[in-house]
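This report concerns only the one structure given below.
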There are 2 protein chains.
Amino acid sequence: MCQHCNYGNLLTTAGLEATAHRLHVLEAIGDSTFPLSAVAIHQSVAGRRAINRVTVYRILDTLVEHGVVDRISTGGRAFNYGLAPNAHHQPHPHFYCTRCGRMCCLAPESLNVDTHPLWKTFPGRIDRIEVRVDGVCKNCLPLETQSRN
Amino acid sequence: MCQHCNYGNLLTTAGLEATAHRLHVLEAIGDSTFPLSAVAIHQSVAGRRAINRVTVYRILDTLVEHGVVDRISTGGRAFNYGLAPNAHHQPHPHFYCTRCGRMCCLAPESLNVDTHPLWKTFPGRIDRIEVRVDGVCKNCLPLETQSRN
DNA sequence: GCTTCAAATGCAACTTTATTGCATGACCGA
DNA sequence: TCGGTCATGCAATAAAGTTGCATTTGAAGC
Ligand SMILES: [Mn+2]
Ligand SMILES: [Mn+2]
Ligand SMILES: [Zn+2]
Ligand SMILES: [Zn+2]
């Protein structure tokens, strides 16, 4: 469990009832050091307690809507989910390994994005800027050279 | 048609046979001022010439593999496609309107991303850095305020 | 403690988007 | 003309998420 986040508080602060299912889903996300897919979250929660996959999707929608969790695009067809930035978690970019499909969180300061020119000129409303780094992770790198496919 | 790109040349330069279908798909992408979904591309091409949607998916895969076209993640479940950066087209970030689902290309200089800290510290291989700006486009902004849903 | 009612959950069917397998067709060179 | 390779078509399948509706749950009021 994350040192700084009380998951029950996160939920109630966001105006959400802290049901057991919601707590389990949020725990699965918060305890992971990298963003997880809905399927992975379902598996993780279902390991400890029966839960329908639709319920997981609905809980994820709710958590994202209320800003507790971030929906992170992988570059693949499915989304991943991670704790939304808050007092204890700065916003940060993510890395996506195109070989194993695993994401990882990058340090907030690893990329410096200057958004000022955009804010001045863009005619619409800007809600979020998402940066994703694609490549091959250090685990997959050795495998990459031998099997040329 | 883009002033500077000869689509036939783009294909043959990439080592691809310039079939009629491939040319039509590439034209649909290159003539658009914003990235298009596979479904939109299929509709566009099919309007002028019978083509199977699977063929469109396969052509898109081929074009992406050979670096002629970029697969751009929308923040939704489907991908969009745009011309890959080349001599006449600098890499640039994209904006995704979460209300109408339309993307648009942003000026290359609208966001300045400093990637140096990442290159120095990241232990894997970096192939690409994708930046997506989410929000509400100027067309949708008026609609947004009246219908609160 | 009982009742009530909205919110949460379960389950089946469905949708969207993309992929796979296999058959057919077109093209190019020998 | 023949052979082979690559492109295309078509049907079936897969992956990921959504919808509709029935059932359960649990907090609020009595
Ligand atoms: Mn993260
Ligand atoms: Mn573009
Ligand atoms: Zn990897
Ligand atoms: Zn819009």
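Predicted, not measured: the structure shown is a model, and the values here were computed from it. Every chain is numbered from 1 and lettered A, B, ... according to where its sequence line falls, protein lines coming before strand lines.
- An OP1 or OP2 oxygen of C:dT9 is reached within less than 4.0 angstrom by no side-chain nitrogen or oxygen of A:Arg58.
- For D:dG17, one of the phosphate oxygens OP1 or OP2 lies less than 4.0 angstrom from a side-chain nitrogen or oxygen of A:Tyr57.
- Of the two residues near DNA chain D, B:Glu17 and B:Arg53, the one whose nearest nucleotide lies more 5' is B:Glu17.
- Remark: A:Thr19 is in phosphate contact with C:dT9, judged by side-chain N or O atoms under 4.0 Å from OP1 or OP2.
- Spacing between atom CG of B:Leu60 and atom C1' of C:dT17 amounts to 13 Å, rounded to whole angstrom units.
- With hydrogens and angles ignored, the 3.5 Å screen pairs no side-chain donor or acceptor of A:His66 with any backbone N or O of A:Thr13.
- Annotation: of the two residues near DNA chain C, A:His21 and A:Val54, the 5′-most nearest-nucleotide partner is A:His21.
- Other residues, nucleotides and ligands contribute only 12 or fewer heavy atoms inside 6.0 Å of the CZ atom of B:Arg102.
- Nucleotide C:dA18 holds its P atom 15 Å from the CG atom of B:Leu63, rounded to whole Å.
- In this entry the distance linking NE2 of B:His24 with C1' of D:dT8 reads 15 Å, nearest Å.
- Remark: side-chain polar atoms of B:Thr74 are not paired, donor with acceptor, to backbone N or O of B:Phe79 under 3.5 angstrom.
- Straight-line distance from the CG atom of A:Leu11 to the C1' atom of D:dA27: 17 Å, rounded to whole Å.
- Nucleotide D:dT8 holds its P atom 13 Å from the CG atom of B:Asp61, rounded to whole Å.
- When distances are taken from the side chain of A:Ile59 to each of D:dT8, C:dT9, D:dA7, the shortest belongs to C:dT9.
- In this structure, A:Glu65 places its CD atom 11 Å from P of D:dT18, rounding to the nearest Å.
- Put simply, the side chain of B:Asp114 gets close to the backbone of B:His116: a donor and an acceptor are under 3.5 Å apart.
- Take A:Ser37 and apply the side-chain contact (heavy atoms from CB on, under 4.5 Å) test, not counting sequence neighbours, and it matches A:Val39, A:Ala40, A:Asn80.
- Residues B:Arg49 and B:Ala20 come closest through the heavy atom pair NH2-CB, 3.4 Å.
- Within residues 67-83 of chain B, the residues approaching DNA chain C are B:Arg77, B:Ala78, B:Phe79, by heavy-atom distance under 4.0 Å.
- Note on A:Asn52: a side-chain N or O is less than 4.0 Å away from OP1 or OP2 of C:dC11.
- Between B:Val25 and the choices B:Thr55, B:Val45, B:Val69, B:Thr19, the side chain to side chain contact (heavy atoms under 4.5 Å, CB included) rule is met once, by B:Val45.
- The line from OG of B:Ser73 to OH of A:Tyr96 is 10.5 Å long, rounded to the nearest 0.5 Å.
- Tested against B:Arg58 for a side chain to side chain contact (heavy atoms under 4.5 Å, CB included), the candidates B:Val54, B:Leu60, B:Val56 yield a single pass: B:Val54.
- The stretch residues 32-51 of chain B touches DNA chain D through B:Ala50, B:Ile51, each having a heavy atom within less than 4.0 Å of the strand.
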